[in-house]
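It should be emphasised that the depicted structure is a prediction, and the values quoted were computed from it without experimental measurement. What you see below is based on every heavy atom in this structure, not just the backbone, and it leaves out hydrogens, waters and symmetry mates. Throughout, a chain's letter reflects where its sequence line sits, starting with A, and its residues are numbered from 1.
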2 protein chains.
Amino acid sequence: MERKTPTIQDVARFANVSTATVSRALSSPEKVSEGTRARVSEAIRVTGYTLNQAGRSLRQRSAKTILVALPDIRNPFFSSILDAIEREAAARGYGVLVLNLYFGHETIRRLQDFLLSNRADGLLLLDGSVDTHLLQTLAGQAETIPIVVACEEIPNSGFHTVLTDNVDAAERATQHLLDLGHRRIGHLLGPEHNVVSRERFAGFARALAGSGLAPVPEWSFRGNFDMESGFAAAARFLSMTERPTAIFAANDESAIGFLSGLRQHGIICPRDISVVGFDDLGVAPHYVPPLTTMRQPREALGRMAAEALIDLVEDPEALGMPLRIVLRSELVVRESTARIARDGTGKTRSDNHSS
Amino acid sequence: MERKTPTIQDVARFANVSTATVSRALSSPEKVSEGTRARVSEAIRVTGYTLNQAGRSLRQRSAKTILVALPDIRNPFFSSILDAIEREAAARGYGVLVLNLYFGHETIRRLQDFLLSNRADGLLLLDGSVDTHLLQTLAGQAETIPIVVACEEIPNSGFHTVLTDNVDAAERATQHLLDLGHRRIGHLLGPEHNVVSRERFAGFARALAGSGLAPVPEWSFRGNFDMESGFAAAARFLSMTERPTAIFAANDESAIGFLSGLRQHGIICPRDISVVGFDDLGVAPHYVPPLTTMRQPREALGRMAAEALIDLVEDPEALGMPLRIVLRSELVVRESTARIARDGTGKTRSDNHSS
DNA sequence: CGGCCGCGTGTAATCGATTGCATAACTAAT
DNA sequence: ATTAGTTATGCAATCGATTACACGCGGCCG
């Protein structure tokens, strides 16, 4: 009774041809005569045949699957990139395996396992806070395994890279605050050892320098891209007597946590402080106030990274020189930034708790 | 020069045993003598062998991979469930393939393709707005393919299911508003043909009934779980003269869109209206005002669903009767709900634009 | 007419691991 | 000492598809 799933043998028998012909009819139809092709199609229809990918993978040493490794699926920034990757991969007939990257060097083993065991044909690394050591290890196999790094630059690594113009975008975000008359500008940092964090800080500093200013160390608040860290930073902000009138936050999530912390103590944005974020998360236009932010082209980034990786998988020479695509972010001005109040003392007008 | 990746043959040669022994040393070490085991380990170390999953899959007809199909990866609700699934799967040695579900019946083909082609051993379906037709088609193969449905109930389908207590939770959310003295309570609906939407509406109605009230049709605002739909609903709310004093929103995202729309017209929550959401997204505690909401145990849900599916994959009889796990949601009271103002007329105190 | 080419197809080897069966070497029991 | 049982290992078939090679056939050219 146990009817097994039909194999290519069954199709061949039914169509009165050899398995070789069936295989060819499927993967290179032009090599098969029209009549045979029709018989094979019919046989496939009748038997309900579906190709066994394991058999094909074994023979062809390719899994038609890419591995996406990312630090946190829950992060909406990554999940929308993942979404774009999945769409592109699907369009090109590839499956997408996801891998969370939080196991320390255990992770390396898992990555290797997937890549060397013929489960995935290539790696798309989306790591915003990557451990350099991990990459060194992977790099050892880079000649043979197609790898594309997205979001994050890994200098001199020779990896193909798709990223956004973090330094420049951060500079423009900060410039926006300067244009509004702010001079006392702070920064809510990203994670300490993260390249993206550093780039955004660099852009921030560069914009200040353009106006003859320099970052004030006490106004660089430690953060790590999540809401809690922004919330915590707000407490430090509040404990200061000399406060900045504007903050450039390394991303929207921390900006939101920060604003939420300030609000609990009656500091109202943009009346008392201007804040510009980064990413343009879905919630940004609906936050209170709607967030001014740098919109990263997340969909394009995911799509192009997937495209590049699959090109590479299908022809390891395709890309030639290590690719480096830089996408431009765009300032979206909403209501969390405003022209500075006349006095510009850094004293906020109200420190009362609002209820 | 092209050094190929080592196979089990290479290991066998190096360790001076047969491939059978190497295989056994790997998958059932107790069947191999201690000395041999050591030699094999050493050989593996020296050759740098990694198992070729395609070969194993072909022979064992199992891919050590599960397929997670979901309607929208970007939705933070799903992405955090996906995260939990990935963790559980990783812990049990499984990979996770993700599949977006927006292609209509093209999607069915892809699902089938993955499941029948031995690329995935089972399906975890997370669909909050599922097309019944799609499921019928899949159900035809359900006897042979392990399937677990999460988040969404599919009545009489015979699928194993892990979900939360939507009706009950919605009732408690609404009860919370009643307890605060509200009597004029509206609902921001989820997508029309979605089971979850309907369950939440049912719970809403049941709570009202418990206080001798009934849903007012004009106060059920069409929505579909996203911010834009909540935002649009706000416009309809504003155009009414007889307004509810409180809203139970089908989820946090639409609640946020709704609040954002109201705020643009100076209607302040919770002063003028109370709103309770559903999900407890990451942003909920940091929104302005922090959102009162039903917290769904997303991590537990993802974990348990993955657990159940993998149990099923490893032993199709394991679960016996169709499993049905219902997890309890928890009301988290924050600041978006307040005791009703004395007059309770539904007239908001201020309709001016705030600036 | 003979040789060459190209097309369509079949034969059989191959990819890498697993596993049923056979076997050999011991141990224990009768 | 023979038998039975146990343990450790090897042999070879097997999973399902792909593909190098060979073959037969018809057409074309010289």
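Rounded to a whole Å, the CD atom of B:Q53 is 12 Å from the C1' atom of C:dT18. In this structure, A:R119 atom CZ and C:dG16 atom P are separated by 17 Å, rounded to whole Å. Counting to the nearest Å, the C1' atom of C:dG16 and the CD atom of A:Q60 are 15 Å from each other. The CG-P distance, from A:L116 to C:dA17, rounds to 12 Å in whole Å. Atom-to-atom, CG of B:N52 to C1' of D:dA17 comes out at 14 Å; the value is rounded to the nearest Å. In this entry the distance linking CD1 of B:I8 with P of C:dT18 reads 5 Å, nearest Å. For A:N118 and D:dC15, the CG to C1' distance is 15 Å, given to the nearest whole Å. In this structure, the CG atom of A:L51 is 6 Å from the P atom of D:dA17, given to the nearest Å.
End-to-end axis angle of the helix from C:dC1-D:dG30 to C:dT30-D:dA1, from C1' rotation axes over five pairs per end: 50° (rounded to 10 degrees).
At a threshold of 4.0 angstrom between heavy atoms, the contacts of A:L26 with the nucleic acid are absent.
Side-chain contact annotation: B:T65 with A:R119, donor-acceptor N/O pair under 3.5 Å present. Using modelled atom types and a 3.5 Å distance limit, the side chains of A:S117 and B:R56 yield no donor-acceptor pair.
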Inset, instruction - Any chance you could list the contact pattern along nucleotides 4-14 of chain C? Use B for base contacts, S for sugar-phosphate-only contacts and - for none, protein heavy atoms under 4.0 Å, 5' to 3'. - result: ----SBBB-BB

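Between atom NZ of residue A:K64 and atom CG of residue A:L51 there is a gap of 11.0 Å, rounded to the nearest 0.5 Å.
With respect to B:E153 and B:R324, a salt bridge is recorded, a charged nitrogen being found less than 4.0 Å from a carboxylate O. By the 4.0 Å N-to-carboxylate-O rule, B:R92 lies close enough to B:D311 to be salt-bridged with it.
Look at B:Q9 and you won't find any side-chain N or O under 4.0 angstrom from OP1 or OP2 of C:dC15. Dashed line: the shortest gap from a side-chain N or O of A:T7 to OP1 or OP2 of D:dG16 is not under 4.0 Å.
Between B:Y49 and the options B:D10, B:V40, B:I8, a side-chain contact (heavy atoms from CB on, under 4.5 Å) holds for only B:I8. Between A:C151 and the choices A:L301, A:L125, A:L163, the side-chain contact (heavy atoms from CB on, under 4.5 Å) rule is met once, by A:L301.
Checking B:R61 against A:S27, the closest nucleotide of DNA chain D that is more toward the 5' end is the one next to B:R61.
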Inset, instruction - Check the pair B:N100 / B:D72 against side chain to side chain donor-acceptor pair (under 3.5 Å), numbers first and verdict last. - result: CA-CA 6 Å; B:N100 263 322; B:D72 185 2; over 6 Å; no

Legend entry - Test salt bridge (charged side-chain N to carboxylate O under 4.0 Å, His left out) applied to A:E42 and A:R39, step by step: CA-CA 5 Å; A:E42 174 64 5; A:R39 287 217 312 291; over 6 Å; no

